[in-house]
Number of protein chains: 2
Amino acid sequence: MPKLGMEPIRRAALVKATIDEIGATGTLDITVSKIAKRAGMSSALAHHYFGGKEQIFLAAMRHTLTVYGAEVRGALAMADGPKLRLEAIIRAGFTSSNFRREVIAAWLNFYVLAQSNPQAQRLLTIYQRRLHSNLVFNLRPLVGGHADAVAERIAGLIDGLYLRRGLDPRGEAGVDATAHVLALLHAELRAAS
Amino acid sequence: MPKLGMEPIRRAALVKATIDEIGATGTLDITVSKIAKRAGMSSALAHHYFGGKEQIFLAAMRHTLTVYGAEVRGALAMADGPKLRLEAIIRAGFTSSNFRREVIAAWLNFYVLAQSNPQAQRLLTIYQRRLHSNLVFNLRPLVGGHADAVAERIAGLIDGLYLRRGLDPRGEAGVDATAHVLALLHAELRAAS
DNA sequence: TTTTTTCTTGATTGACGAGTCAATAAAGAA
DNA sequence: TTCTTTATTGACTCGTCAATCAAGAAAAAA
């Protein structure tokens, strides 16, 4: 059975299993064995490919971030002009895929991890910077010198509403959150003109 | 040494120690022994008074929430009229005491806990409802029927900026966050008039 | 075929932690 | 004083888990 080129397959399976396991428990308090079993292999193999629990978490975090980044980029590619692009960025944050239990759990736990793990901290900073600069770039032609402050508010509202909706026990989430952020955007545009 | 009426003293010491320990590690992944040692007693005593780790966490959460609630109430007592009250609520969220490492860590971890623990979930819901209704009550005379939606945006921006500032590696936090939320508030008031 | 490389796991180690319990000590009640 | 209630802990149980390792199995190379 042992074939060549298993490494990338195993790593991907472990990353997915990790996110699923985080989603199932809500915590980072999960065992390598459980992850490995979910991914269909022994825990020894997980250690073999990743070296340790922390590495697995970071890989899962990178993956979550990558997926989100890809969604944003995809939405941007289809939007023309700064206003439509801003709306696309906002919408991308509240896709139903972002409200799957595992994804919410992943984000919340990564926030926690970022407090104590410098690598996690860096990854989160990257996400925040990218969001911020995407917003500023498209706000500049519309609100000029206020771009930075407006971007800060929009980013804050995105994160805050995501947090609130993600934690809301009754699911039913993203639609009105999108509307709220769009309302903020339009108010800012109106105020600046 | 054993005197009577130790229970409330011990409980308070344990709650404080728990929050400090969460702040020191960033995680809920802490041991009852460490908490107890920090509070100057044996772990057995901690179990005696709280029954288990989870109970200790919930007590710590209740305490955090109570302190925050008291701050808001204090700020409200000194504010006259809906507009000043709204500003007081907003300011209360970004006090420097709310940006102490332990407090941030506590909130982040309580978010995580709320995913899997119904009691934590309930406590968080209480906080959210109280904030929301405080906002709505004071917004109603100013923006009428829009109060609900505006409150949602303000609450979202408060939580989101708190999250971002709390996670920001360079401290230096609350001042501009307050300004951002106040800016949103004033924009909403202007738009409604 | 023999050898080497890649893949894989069961078993083990070593450590740690939650919760229990029996026993001690002090204070107040009877 | 004797009894009861409250406070307190050290020692122990039982379980779990991260990480290691030696060894097996299969493909590819020689």
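Each chain gets a letter, A, B and so on, in the order the sequences are listed, and its residues count up from 1. What's counted below: heavy atoms across the whole structure, side chains too, no hydrogens, waters or symmetry copies.
One can place CE of Met6(B) at 19 Å from P of dA25(C), the figure rounded to the nearest angstrom. In this structure, Ile56(A) places its CD1 atom 14 Å from P of dC17(D), rounding to the nearest Å. Between the CG atom of Leu45(A) and the C1' atom of dT20(D) there is a distance of 14 Å, rounded to whole Å. Atom-to-atom, CZ of Phe50(B) to C1' of dA7(D) comes out at 16 Å; the value is rounded to the nearest Å. As rounded to whole Å, 14 Å separates atom C1' of dA18(D) from atom CD of Gln55(A). As a whole-Å value, the separation of His48(A) NE2 from dA25(D) C1' is 14 Å.
Taking Ser42(B) as the reference, nothing meets the side chain to side chain donor-acceptor pair (under 3.5 Å) condition, with sequence neighbours excluded. Looking at residues two or more places apart in sequence or on another chain, you find a side chain to side chain donor-acceptor pair (under 3.5 Å) between Thr125(B) and Gln121(B). The salt bridge (Lys or Arg N to Asp or Glu O under 4.0 Å) test applied to Glu152(B) returns Arg165(A), not counting sequence neighbours. Legend: residues meeting side chain to side chain donor-acceptor pair (under 3.5 Å) with Gln128(A), ordered by chain and number and at least two apart, are absent.
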Show every donor-acceptor pair shorter than 3.5 Å between a side-chain atom in residues 7-18 of chain B and any protein atom, with sequence neighbours excluded, or say none if there are none.
| residue | atom | partner | partner atom | Å |
| --- | --- | --- | --- | --- |
| Glu7(B) | OE2 | Arg11(B) | NH1 | 3.1 |
| Arg11(B) | NH1 | Tyr49(B) | O | 2.9 |
| Lys16(B) | NZ | Asp20(B) | OD2 | 2.8 |
| Thr18(B) | OG1 | Leu14(B) | O | 2.6 |

Kindly list each side-chain donor-acceptor pair under 3.5 angstrom involving residues 72-94 of chain A, sequence neighbours excluded, with atom names and distances?
| residue | atom | partner | partner atom | Å |
| --- | --- | --- | --- | --- |
| Arg85(A) | NE | Ala79(A) | O | 3.3 |
| Glu87(A) | OE2 | His186(A) | NE2 | 3.0 |

Letter per nucleotide, 5' to 3', of nucleotides 14-20 of chain C [B base touched, S only sugar-phosphate touched, - untouched; heavy atoms, 4.0 Å]: ---SSBB

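When heavy atoms are screened at a 4.0 angstrom cut-off, Tyr49(B) is found touching the sugar-phosphate backbone but no base atom.
Listed by first then second residue, pairs satisfying side-chain hydrogen bond (donor to acceptor under 3.5 Å, both in side chains) with a partner in residues 58-67 of chain A number zero, not counting sequence neighbours. Screening residues 99-110 of chain B for side-chain hydrogen bond (donor to acceptor under 3.5 Å, both in side chains), with sequence neighbours left out, gives Arg100(B)-Glu102(B). Listed by first then second residue, pairs satisfying salt bridge (charged side-chain N to carboxylate O under 4.0 Å, His left out) with a partner in residues 179-193 of chain A read Arg153(A)-Glu188(A), not counting sequence neighbours.
For the pair Ile104(A)/Asn98(A), no side-chain contact is recorded, criterion being any heavy-atom separation below 4.5 Å from C-beta on.
Within residues 108-121 of chain A, no residue approaches DNA chain C, by heavy-atom distance under 4.0 Å. Within residues 7-21 of chain B, the residues having any heavy atom under 4.0 Å from DNA chain D are, by residue number, Glu7(B), Arg10(B).
You'll find the ring centres of Phe99(B) and Tyr162(B) inside the 6.0 Å limit.
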